K.L.:
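One structure coming up, written as structure tokens, with questions to follow.
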Number of protein chains: 2
Amino acid sequence: ARELWVQRWGTDAHATSMATATSVMRVQQLLLARFDAIAGRHGLTFARYEALVLLAFSRDQRLSMSRIGERLMVHPTSATNIVQRLVAQGFVERVPNPTDRRGAFAVITAAGVAAMEAVTVDLEEADFGLGMLDADQHDTLFAVLREVRVGARDFTP
Amino acid sequence: ARELWVQRWGTDAHATSMATATSVMRVQQLLLARFDAIAGRHGLTFARYEALVLLAFSRDQRLSMSRIGERLMVHPTSATNIVQRLVAQGFVERVPNPTDRRGAFAVITAAGVAAMEAVTVDLEEADFGLGMLDADQHDTLFAVLREVRVGARDFTP
């Protein structure tokens, strides 16, 4: 889309922002495709892997369903879907939430921890798809993206 | 996830790549949420808007379904879904493909062009969610992301 855009509105003041935004989205797409392929070797998707990471590092290795959606920043329906798939695979167990009869906790199982660790090893080996960048480029990229996050009020520095 | 990761593997050589990759994904998420909200004012999602842009700038303002999936880099099922929604909204028409009886062309309508242009005006006004970056930061971000794309063989420079 960027090429089309620049072609059409090349002299426009907004063409730069459009090009940068499209670039961010394209790189995210490339990384996600790579990460999904890596997670796929272990029967996972990157989204399900992220949920396992989240659970593994939570206190007591458990979280309520609503908290999982919040932390993964996905729609509650997607969070439910992800956990259902993980339960079917034996990587997560649902247990009742004693303080909320309608809610439930998701708990990572030993098999879930093993699967998560296997994907992590492979992602590290692939250098998270970013092996083409040197240390300076990593720092630069991280710093500029941080500006965007601060500007979008993703967090307060 | 980044914070958890750095906490756990802070001294690991791969922590930098993980942090940068997570940052790309988070910024994409923020931009997409913003763009979806803007497209939503005109009854669209950003994905459907992208399909309209693609059609509007195609020769004869039409494309085969398979080509739409390819160009948007989404699964054929998603492309079909997107076009079906656009057809239901009167922004796109399906016409038979004379050279492929099983295939079909999607053609953008006048209403589709108008909706696309309305979203474009609003996206430009929002500076594509990147108004917090100055010209140098745009150039830097674009250049580093280009390295990633070249490294991932997204295109040959």
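Below, chain A is the first sequence line, B the second, and so on; all start at residue 1. Treat the numbers as computed from the prediction; the structure is a model and nothing was measured.
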K.L.:
Flag yes if B/Met65 and B/Leu72 sit in one hydrophobic cluster, no otherwise; membership is Ile, Leu, Val, Met, Phe, Trp, Tyr, and two members link when side-chain heavy atoms are under 4.5 Å apart.
P.N.:
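Same cluster: B/Met65 reaches B/Leu72 through Ile, Leu, Val, Met, Phe, Trp or Tyr contacts under 4.5 Å.
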
K.L.:
Between CZ of B/Phe128 and OG1 of A/Thr16, what distance do you get to the nearest 0.5 Å?
P.N.:
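Rounded to the nearest 0.5 Å, the CZ-OG1 separation comes to 10.5 Å.
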
K.L.:
With side-chain contact (heavy atoms from CB on, under 4.5 Å) as the test, pick out the partner of B/Val144 among A/Val144, A/Leu145, A/Leu141.
P.N.:
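Answer to the side-chain contact (heavy atoms from CB on, under 4.5 Å) test with B/Val144 among A/Val144, A/Leu145, A/Leu141: A/Leu141.
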
K.L.:
Within this structure, what is the CD-OG1 distance for the pair A/Glu147 and B/Thr140, rounded to the nearest 0.5 Å?
P.N.:
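The CD atom of A/Glu147 sits 11.5 Å away from the OG1 atom of B/Thr140.
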
K.L.:
Are B/Phe105 and B/Phe57 co-members of a hydrophobic cluster defined by side-chain heavy atoms under 4.5 Å apart?
P.N.:
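No.
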
K.L.:
What distance separates B/Thr20 OG1 from A/His138 NE2, expressed to the nearest 0.5 Å?
P.N.:
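If we round to the nearest 0.5 Å, B/Thr20:OG1 and A/His138:NE2 are 5.0 Å apart.
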
K.L.:
What distance do A/Leu130 atom CG and B/Met18 atom CE have between them, rounded to the nearest 0.5 Å?
P.N.:
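The CE atom of B/Met18 is 11.0 Å from CG of A/Leu130, to the nearest 0.5 Å.
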
K.L.:
Only heavy atoms, only distances under 4.5 angstrom. Which residues in residues 26-36 of chain A are near chain B?
P.N.:
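Result: A/Arg26, A/Val27, A/Gln28, A/Gln29, A/Leu30, A/Leu31, A/Leu32, A/Phe35.
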
K.L.:
Are A/Ser17 and B/Glu124 side-chain neighbours, meaning at least one heavy-atom pair lies under 4.5 Å?
P.N.:
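SC-SC contact between A/Ser17 and B/Glu124 ruled out.
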
K.L.:
Working to the nearest 0.5 angstrom, can you tell me the gap between A/Arg149 CZ and B/Met132 CE?
P.N.:
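So the gap between those two atoms works out to 12.0 Å.
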
K.L.:
For the hydrophobic clusters of this structure (ILVMFWY residues joined by side-chain heavy atoms under 4.5 Å, transitively), does one cluster hold both A/Phe46 and A/Met116?
P.N.:
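Yes: a chain of side-chain contacts under 4.5 Å links A/Phe46 to A/Met116.
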
K.L.:
Answer yes or no: does atom CZ of B/Arg62 have more than 12 heavy-atom neighbours from other residues, nucleotides or ligands under 6.0 Å?
P.N.:
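It does: B/Arg62 CZ has more than 12 such atoms within range.
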
K.L.:
Would you say B/Glu93 has more than 12 foreign heavy atoms packed within less than 6.0 Å of its CD?
P.N.:
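Counting neighbours around CD of B/Glu93, 12 or fewer heavy atoms of other residues, nucleotides or ligands fall under 6.0 Å, so no.
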
K.L.:
Among the clusters formed by ILVMFWY side chains lying less than 4.5 Å apart, do A/Leu54 and A/Val107 turn up in the same one?
P.N.:
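No: no chain of side-chain contacts under 4.5 Å links A/Leu54 to A/Val107.
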
